[in-house]
Amino acid sequence: MSEKKHLILGIESSCDETAAAIVAGGRQILSSVVASQTEIHRKYGGVVPELASREHLRQIVPVVREAIEEANITLREVDAVAVTQGPGLIGALLVGVTYGKVLAMSLHKPLIAVNHLEGHVHAVLLEASSAGREPQLPALCLIVSGGHTILYHVSEAANVTAEVTDGRFFRFSYYKIGGTRDDAAGEAYDKVARMLALGYPGGPIIDRLALDGNAQAVRFSDPKMTGNPYDFSFSGIKTAVLHHLRRNQSFEAEIETRRQALAKGERSADRLRALSSAATLDLVASFQRSVVSNLLSQTFAALVQYPARAIFVSGGVAANSELRRTFESESAHRGIEVFFPSRALSTDNAAMIAAAGYAHFMAGDRADSTLNAEANLPLSGPARPIIGP
Ligand code: KG4
Ligand code: ZN
């Protein structure tokens with residue numbers, strides 16, 4: 001094997017982050033630039049697709065340039081361009097796909113199409129391996145963000161044409177065990193935060209306020225799943241929070257006070273905490289307990305039918321402190337390792353796209369000028385995993 005570490009330029013624009021990164025040899029991040037649009041979408045309490053596309057158009061060129069400069073390389077030294085093909089917002093994806101395509105063609109470099117969800121899986125592999133903590137596969141990977149709540153069984157596709165270099169496989173297979181039927185978990189956090197006037201995004205502030213509340217105070221029933229028992233559903237709990245607020249008029253005044261504070265730009269956790277009653281703290285703590293215990297119980301229930309050697313949790317909600325604590329203690333109890341990427345790699349970034357792209361590059365996968373963005377691009381491997389005793 002040659003000593004040269006291939007340099008992959010990753011480009012990501014599936015939602016509200018414009019990102020570019022240079023990753024060497026699939027493991028070493030030379031640069032990772034993320035231009036977040038949170039400030040633009042904040043006043044709407046969620047991502048506005050039209051505004052997201054416009055902002056990607058403004059940001060894509062400077063973000064790629066910055067990634068190249070930070071990595072201290074020239075564009076000509078890049079060995080391949082890996083770009084997120086989907087899933088995501090179509091107008092947002094098109095910006096990255098079109099730019100990546102033109103760049104690869106003009107540089108005469110290979111173009112690699114990457115599924116965004118595969119990127120989240122590789123965020124875990126990338127960071128764990130660069131920290132010398134190589135995860136064992138197969139793994140169950142829970143991707144939990146503002147746009148997704150999906151549980152995959154991830155394995156090395158050794159029975160397909162697997163390429164092994166440097167002890168590593170470059171073909172993976174992904175089997176979707178379950179997914180959300182309605183809202184993503186992060187979306188539920190954002191919507192509940194909006195109802196309570198706690199600002200956007202909702203996850204970090206609810207995570208903080210929940211520390212001071214009683215998680216047993218409000219009882220939410222678990223979603224009833226017919227069909228696939230490993231699916232998720234979060235719209236029921238969101239509606240239950242709404243009904244709880246309607247039944248208890250006492251919430252109205254403090255919600256209005258916080259709304260005014262947010263309008264004045266007062267959105268620090270300390271300020272919002274000071275403007276929240278014990279009843280609000282109890283409500284958010286109970287909401288969080290219900291969401292996190294559902295994510296935990298679905299994942300560990302799946303482990304019985306889909307045995308794995310590690311658990312990965314990736315996506316923006318993986319930053320949640322209660323989620324980390326409960327997954328860590330349950331994993332220790334069951335004798336299985338759990339991996340969370342750092343905050344920077346949990347949320348959308350292009351290093352994970354470059355890392356996933358590297359595996360495809362090494363496996364010989366190439367896209368061409370017909371590559372098109374796909375809003376609902378599925379991530380699925382060759383087959384249902386073969387689960388043996
Ligand atoms: O992965 P991400 O940055 O963007 C996409 O959705 O693609 O995830 C953002 C989501 C938001 O819904 C946000 O509320 C949630 O992740 N989030 C959290 C926390 N930090 C971010 N949810 C719960 N607890 C957190 N600490
Ligand atoms: Zn994502």
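Remember, it's 1-based here, ligands and their atoms both numbered in the order they're listed.
Here the options are Lys238, His244, Arg246, the test is side-chain contact (heavy atoms from CB on, under 4.5 Å), and the partner is Leu242; only Arg246 passes.
Without hydrogens or angle criteria, Asp79 side chain to Ile8 main chain gives no donor-acceptor distance under 3.5 Å. With Thr84 contributing its side chain and Val114 its backbone, the two residues share no donor-acceptor pair below 3.5 Å. Remark: side-chain polar atoms of Asn320 are paired, donor with acceptor, to backbone N or O of Glu322 under 3.5 angstrom. Distance alone, capped at 3.5 Å, places no donor-acceptor pair between the Gln28 side chain and the Gly25 backbone. Distance alone, capped at 3.5 Å, places no donor-acceptor pair between the Glu337 side chain and the Arg309 backbone. Listed for the Ser286 side chain is a donor-acceptor partner under 3.5 Å among the backbone atoms of Val218.
With respect to atom 7 (O) of ligand 1, the closest heavy atom belonging to the protein is Asp348 OD2, 3.0 Å. The protein heavy atom nearest to atom 11 (C) of ligand 1 is Asp190 OD2, 3.5 Å. The nearest protein atom to atom 6 (O) of ligand 1, hydrogens excluded, is given as Gly146 N, 2.7 Å; this is a heavy-atom distance. Of all protein heavy atoms, the one lying nearest to atom 8 (O) of ligand 1 is Gly316 CA, 3.3 Å. Of all protein heavy atoms, the one lying nearest to atom 26 (N) of ligand 1 is Asp207 OD2, 2.9 Å. The protein heavy-atom contact nearest to atom 18 (C) of ligand 1 is Gly203 CA, 3.4 Å.
Note on ring orientation: taking the six-membered ring where Trp is involved, the planes of Phe170 and Tyr358 are perpendicular (angle over 60°, cut-offs 30° and 60°). The aromatic rings of Phe300 and Phe327 sit tilted relative to each other, their planes meeting at an angle between 30° and 60°.
Annotation for ligand 1: atoms under 4.0 Å from non-hydrogen atoms of Pro201 are 13 (C), 14 (O). Within ligand 1, the atoms closer than 4.0 Å to a non-hydrogen atom of Ser145 are 1 (O), 5 (C), 6 (O), 7 (O), 8 (O), numbered from 1 in the order shown. The Thr347 neighbourhood of ligand 1 comprises atoms 1 (O), 3 (O), with distances under 4.0 Å to a heavy atom of that residue. Per-residue contacts place Ala319 under 4.0 angstrom from the following atoms of ligand 1 (heavy atoms of the residue considered): 26 (N). Close approach to Gly202 involves these atoms of ligand 1, each under 4.0 Å from a residue heavy atom: 14 (O). Of all atoms in ligand 1, numbered sequentially from 1 with element shown, those under 4.0 Å from a heavy atom of Tyr189 are 23 (C).
Taking the six-membered ring for Trp and the full ring otherwise, the centers of His153 and Tyr174 sit at least 6.0 Å from each other.
For ligand 1, the polar-atom distance check finds an N/O of Gly186 within less than 3.5 Å of one of the ligand's N/O atoms. Of the N or O atoms in Gly147, one or more lie within a sub-3.5 Å distance of an N or O in ligand 1. Looking at Asp16 next to ligand 1, no N or O pair under 3.5 Å apart turns up. The distance criterion of under 3.5 Å between nitrogen or oxygen atoms is not met by Gly315 with respect to ligand 1.
Classification of Glu330 and Arg334 as a salt-bridged pair holds, one side-chain N sitting under 4.0 Å from a carboxylate O.
Taking a 4.0 Å cut-off on heavy atoms, Pro204 registers as neighbouring ligand 1.
If you look at His116 and ask which of its N, O or S atoms sits nearest the Zn ion (ligand 2), the answer is NE2. Looking at Asp348 and the Zn ion (ligand 2) together, the shortest N, O or S contact belongs to OD1.
When non-hydrogen atoms are compared, ligand 1 lies under 4.0 Å from the backbone of Val317 as well as from its side chain. Proximity of Asn320 to ligand 1, defined as any heavy-atom pair under 4.0 Å, is shared by backbone and side chain alike.
Between the side chains of Asp207 and Ser321, a donor-acceptor pair is found at a separation under 3.5 Å. Using a 3.5 Å distance cut-off with no hydrogens or angles, the side chains of Asp365 and His360 do pair a donor with an acceptor.
Metal site remark for the Zn ion (ligand 2): Cys15 contributes no N, O or S atom at a distance under 2.8 Å.
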